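Not measured: the values here are computed from a predicted model. Order of the sequence lines fixes the chain letters, A, B, ..., with proteins taken first and strands second; residue numbering starts at 1 for each chain.
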Amino acid sequence: MKTAELGGLQRQEKESRTAARRSKIRVKIRQNYELYLFMLPAVIIYLVFKYYPMYGVQIAFKDFRASKGIWGSEWVGFEHFIRFFEAYNFWPIMENTILLSLYSLVFGFPIPIIVALMLNQMLAKRYKKFVQTVIYAPHFISTVVLVGMLGVFLSPNSGIVNHIIAFFGGEPVLFMASEGWFRPLYVLSGIWQETGFATIIYLAALAGVNPELHEAAVMDGASKWKRVKHVDLPSIMPTIIILMVLALGNVMSVGFEKAYLMQSDLNYAASNIIPTYVYELGIQKAQYSFSAAIGLFNAIINVVLLVTVNRAAKRLTETSLW
Amino acid sequence: MNSLLARKTKGDVLFDIINYTLLTIGMLLILYPLYFVLIASFSDPNLIYSGEIWLLPKGLTLDGYERIFADSAIWVGYGNSLLYAVVGTAISVSITLMAAYPLARKDFVGRGAFMWFFMFTMFFGGGLIPTYLLIKDLNMINTIWALVVPGAAGVFNIIIVRTFFQSTIPDEMREAAFIDGCSNTRFFLGMVLPLSKPIIAVMVLYHVVGFWNGFFDAMIYLNEESKFPLQLVLRNILVQNQVNSSMMIDVESYAAKLRVTELIKYGVIIIASLPLLILYPFLQRYFVKGVMIGSIKG
C-alpha cells in the first residue's frame, strides 16, 4: 500500500517533470525560431540536390524513359547490375579502379608523414617556412593545369623529360599515350601535388607533442633519430590512424577529374575506372539506368568499406571516426 | 630548456645534415616544374623544342603572351570564371555560415538530427546520373545556377565553421546579449559575424579556389562556349590540343605551329594560375588555418 502510494507519487512527479521539460523545449524552439530560418536554405538545398537524387537512384532498378519519368518507368529489378557484373569489362574496370587507388594510397600516404617528421626537426625557422611555402603551392594548381603540365613535360619531342632521357642516350618515351605509364604518372603527379599540403595536419599534431617528453629523452641520451622514432611518431599515431581509416574507406572513390583528363584511347585499358565509365555511359551515351546502377554499386561498396574499416580500427586501436 | 634540446651529438649533426639535404632536394623537385613553366613561357619555342632551356629563359620573347592576349576565348573564360566564383562564393558562404551557427548552439533543439541530416550525405549519395537528370528536369542546364547552387554549403565546410563558432563565441556572451533583449538575428549579424572574420576568410578562399579550379560541373552542365569558365577553355588548349586557329593565323608551317602551340601552353598555364599566385600569401595562411580547425575532432 505504502510503496504503491510512493510509486504513484513518483510517477506523478516524473510526469510533471517530463511535461515541464517538454514545455521548456517548446519555449526554446519558440525563442529560437530564427535559428530554424537560418537552417532553411541549407536544408532545402540538401533535400533537393542530395536527398532527391537518392530517391532518383531507383532508376538503377528500372528501365528509365525520360518520357515516363522516374516513377513511371518500368521496374526491371537487378537486370542492370547483372549486366554490369557479366560484362566483359567488369573485372578490368574493377582492377583499374582498385589498383589506381591502392597505388595512390600505398605510395602517397606515408610520404607526408615522413616529410612532416623531417620538417618538424628543422630548427631553422625561416628556412622551414620557405620550404613549406614552396611545397604547399602545387595544391592550388587546378587539375586541368596539372594534366596540361604533364602533357608539355612528357611530350615525346619537346618535353623536358624526354630531353633528359635523350641526354643520357635513351629513346623518347610516349608517356601520356602508354597504358603502362598511366598509373605511375597518376600516382607521382598526385604525390607532387598533395604531399606538401598533406603535411599540415601532421605538423599540427606534432606541435602538440609535450616538449618535456623530448627533454626527458635527451636526458636519457636519446639521439634525434631515436626521439623521432620513439617520441614523435607514437604521438601522432592517432592522427595517422584516423587518416588511414578515411583513406581506406575511400579506396573505391577515386577522383574522376584527373583520370578523365589523362584518359585517351591509347591508355584506356588502364585508365577506364568506375567514375569515368559512369560518365561515359551516362552523360555521353545517355544510358541512364545502366550507369546509375554502376554508380550505385560503387556508392554501396564505399559505405560498406568505410563502416568495416572504421569498425576494425576501433577494435584494433581504440581510435575511430565515430 | 632550449639549450638542452639544442645539445647535439655527432649522430645528431649527421641527422641534421641528411634532413636538410633531403628536404632541400624534395623542395627543388616540387619547385622546378613550376619554375620551368615560367621560364619556358618567355623563351624562344625553338629552344624549348631542342631542349636548351634549363635554368634561365633563352631567346626572350613575349610572342606566346601576345597571341594569348589576342584570343577572345580565354578572356571570355576568365570573365565567366570570375562571375561564377563571385556569385558561387557569395551564395555558398552565406548559406554555410547560416547553417553552421544554429548547429553550434547547445540550446538549439534538434541539433543532433540536423547534424545527421547533413552528415549522411557524406556517406551516401544518389550519384552523378540521378543528379544530372534532376538538374536537367529543373531546366538548370546551361545556366550559372547549375554550377553555384547544387554544391553550396558542403558538409565539411559546415562542420569547420560550426567548430569555429563553438570555440570562439562564448555562451556567456550570448546570454548577456539576450538579457539585454537582443534577438538571434541581431546577435548573429552584429556579434557573431564580426568575430568570425578569420573563418569567413577561410571559407571565401576555399570557395574561390574551388570555383576557379573546377571544371567538372561546367563540363557536364554547360554546352555553350560563350559560358565556359576558364578551366574548360584551358582543357581544350592544354589537354585536347585545340589551340584557336586565330591565335596562329600568321604561322605557316606545321612544324612551326607545333612549336608555337607549346609556347602558348606554357603562357596559358601562367595566366590561368596568376590570380591564385597573387592570392597565394593569403591562401597559404588561411588554408592552413582551415585544416587546423577541421582537424579538431567534432
Side-chain angles (χ1 to χ4, degrees), chain A residues 25 28-29 32 34-35 38-39 41-42 45-46 49-50 52-54 56-57 59 118-119 121 131 133-138 140-142 144-145 147-149 151-153 158 160 163 192 196 200-201 204 214-215 218 223-225 256-257 261 278-279 282-283 288 291-292 295-296 299 303 306, chain B residues 4-5 9 11-12 15 19 23 27 30-31 33 36-37 48-49 51 95 98-99 101-102 105 107-109 114 118 121 123-134 150 152-153 183-185 209 213 215-216 220 231 234-235 238-239 262 265-266 269 272-273 276 283-284 288 291-292 295:
Chain A
I25 288 176
K28 258 190 200 164
I29 292 178
N32 290 332
E34 293 153 291
L35 298 183
F38 286 2
M39 300 286 295
I45 284 180
Y46 273 71
F49 295 104
K50 303 274 197 258
Y52 182 77
M54 291 184 206
V57 85
I59 63 168
M118 289 167 76
L119 275 172
Q121 287 300 322
V131 172
T133 303
V134 170
I135 67 176
Y136 295 167
F140 298 96
I141 289 174
S142 75
V144 174
V145 167
V147 176
M149 280 169 72
V152 289
F153 289 147
S158 66
I160 184 164
H163 284 315
W192 179 78
I200 296 174
I201 198 155
H214 274 287
E215 281 159 28
V218 172
S223 67
K224 269 195 168 188
W225 167 244
F256 166 90
E257 293 198 354
L261 287 169
V278 169
Y279 170 79
I283 308 289
Y288 297 128
S291 52
L296 179 61
V303 176
L306 195 63
Chain B
L4 190 65
L5 287 181
T9 64
D12 289 349
F15 178 96
N19 194 18
L23 279 174
M27 178 194 71
I30 288 177
L31 185 62
F36 183 82
V37 172
I48 305 175
Y49 239 73
I95 296 178
M98 276 163 53
Y101 178 65
R105 286 266 299 264
D107 62 333
F108 176 60
V109 179
F114 278 112
F118 291 123
T121 62
F123 303 111
F124 187 75
L128 175 66
I129 305 301
T131 311
Y132 173 78
L133 292 174
L134 169 70
S183 74
N184 272 310
T185 309
V209 172
N213 283 344
F215 87 100
F216 182 64
I220 300 184
Q231 299 298 328
L234 279 181
R235 182 183 71 129
L238 288 174
V239 183
E262 286 307 285
K265 284 184 177 180
Y266 287 113
I269 290 176
S273 313
L276 298 187
L283 289 180
Q284 199 198 339
V288 171
V291 173
M292 301 284 199
S295 68

**Study point:** Proximal component of A:Ile59, with respect to chain B [non-hydrogen, under 4.5 Å]
**Key:** side chain
Review point. Do you know which of A:Gly148, A:Pro53, A:Gly151, A:Ala299 has the most heavy-atom pairs with chain B at a distance under 4.5 angstrom?
Key: A:Pro53
Review point. Where do B:Gln231 and A:Ser142 come nearest, in terms of heavy atoms and distance?
Key: OE1-OG, 2.7 Å
Point to revise | Under 4.5 Å from a heavy atom of chain B, the part of A:Ile141 involved | key: both
Point to revise | Distance, nearest 0.5 Å, that separates NZ of A:Lys50 from CG of B:Leu134 | key: 11.0 Å
Exercise for review: Go through the atoms of B:Phe15 and report whether side chain, backbone, both or neither lie under 4.5 Å from a heavy atom of chain A.
Suggested key: side chain
Check your understanding: Side chain, backbone, both or neither: which part of A:Leu296 has a heavy atom under 4.5 Å from chain B?
Key -> side chain
Exercise for review: Using non-hydrogen atoms and a 4.5 Å limit, figure out which bit of A:Ile135 sits close to chain B: side chain, backbone, both or neither.
Suggested key: both
Review point. Could you state the interatomic distance from OH (A:Tyr136) to CD1 (B:Ile30), rounded to the nearest 0.5 Å?
Key: 11.0 Å
Review point. What part of B:Leu283 gets closer than 4.5 Å to chain A, counting heavy atoms only: side chain, backbone, both or neither?
Key: both
Study note, to complete from the structure: If one checks every heavy atom of B:Phe118 against chain A at 4.5 Å, the contacting part turns out to be both
Point to revise | Atom pair CG/NZ of B:Asp107 and A:Lys28 - distance to nearest 0.5 Å | key: 6.0 Å
Review point. Rounded to the nearest 0.5 Å, what separation is found between the CD1 atom of B:Ile95 and the CE atom of A:Met39?
Key: 12.0 Å
Practice item. State, to 0.1 Å, how close B:Ala152 and A:Tyr46 come at their nearest heavy-atom pair, and which atoms those are. Key: O-CE1, 4.3 Å
Revision key, fill the gap. If one checks every heavy atom of B:Leu128 against chain A at 4.5 Å, the contacting part turns out to be side chain
Revision key, fill the gap. dist A:Ile200:CD1 -> B:Gln284:CD (nearest 0.5 Å) comes out at 8.0 Å
Review point. Given a strict heavy-atom distance threshold of 4.5 Å, which part of A:Tyr52 is in contact with chain B: side chain, backbone, both, or neither?
Key: side chain
Revision key, fill the gap. Per-residue tally against chain B (heavy atom, under 4.5 Å) across A:Val144, A:Ile201, A:Val57, A:Val145 peaks at A:Val144
Point to revise | Contact leader toward chain A among B:Ile220, B:Leu276, B:Val288, B:Val209, where contacts are heavy-atom pairs under 4.5 Å | key: B:Val288
**Study point:** Partner chain A: residue of B:Val37, B:Thr185, B:Leu238 with the largest heavy-atom pair count (under 4.5 Å)
**Key:** B:Thr185
Review point. What part of A:Tyr279 is in contact with chain B, defined as an atom under 4.5 angstrom from a non-hydrogen atom: side chain, backbone, both or neither?
Key: both
Practice item. With sequence neighbours left out, write down each residue that passes side chain to side chain contact (heavy atoms under 4.5 Å, CB included) with B:Val239, or none if nothing qualifies. Key: A:Val147, A:Leu261, B:Arg235
Review point. Does any heavy atom of chain A fall under 4.5 Å from the side chain of B:Tyr132, the backbone, both, or neither of them?
Key: side chain
Point to revise | When B:Phe114, B:Phe124, B:Phe215 are compared by non-hydrogen pairs under 4.5 Å with chain A, the top option | key: B:Phe215
Point to revise | Separation between CE of A:Met118 and CG of B:Asn19, rounded to the nearest 0.5 Å | key: 4.5 Å
Exercise for review: Might you confirm whether atom CH2 of A:Trp225 has over 12 heavy atoms from other residues, nucleotides or ligands at distances under 6.0 Å?
Suggested key: no
Review point. How close do B:Pro150 and A:Ile45 get, heavy atom to heavy atom, and via which atoms?
Key: O-CG2, 4.0 Å
Check your understanding: Which word best sums up how the rings of B:Tyr101 and A:Phe38 line up, parallel for under 30°, tilted for 30 to 60°, or perpendicular for over 60°?
Key -> tilted
Revision key, fill the gap. If you tally heavy-atom pairs under 4.5 Å between each of A:Gly196, A:Ser291, A:Gly282 and chain B, the highest tally belongs to A:Ser291
Check your understanding: Is chain A contacted by the side chain of B:Leu234, its backbone, both, or neither, given a heavy-atom distance below 4.5 Å?
Key -> both
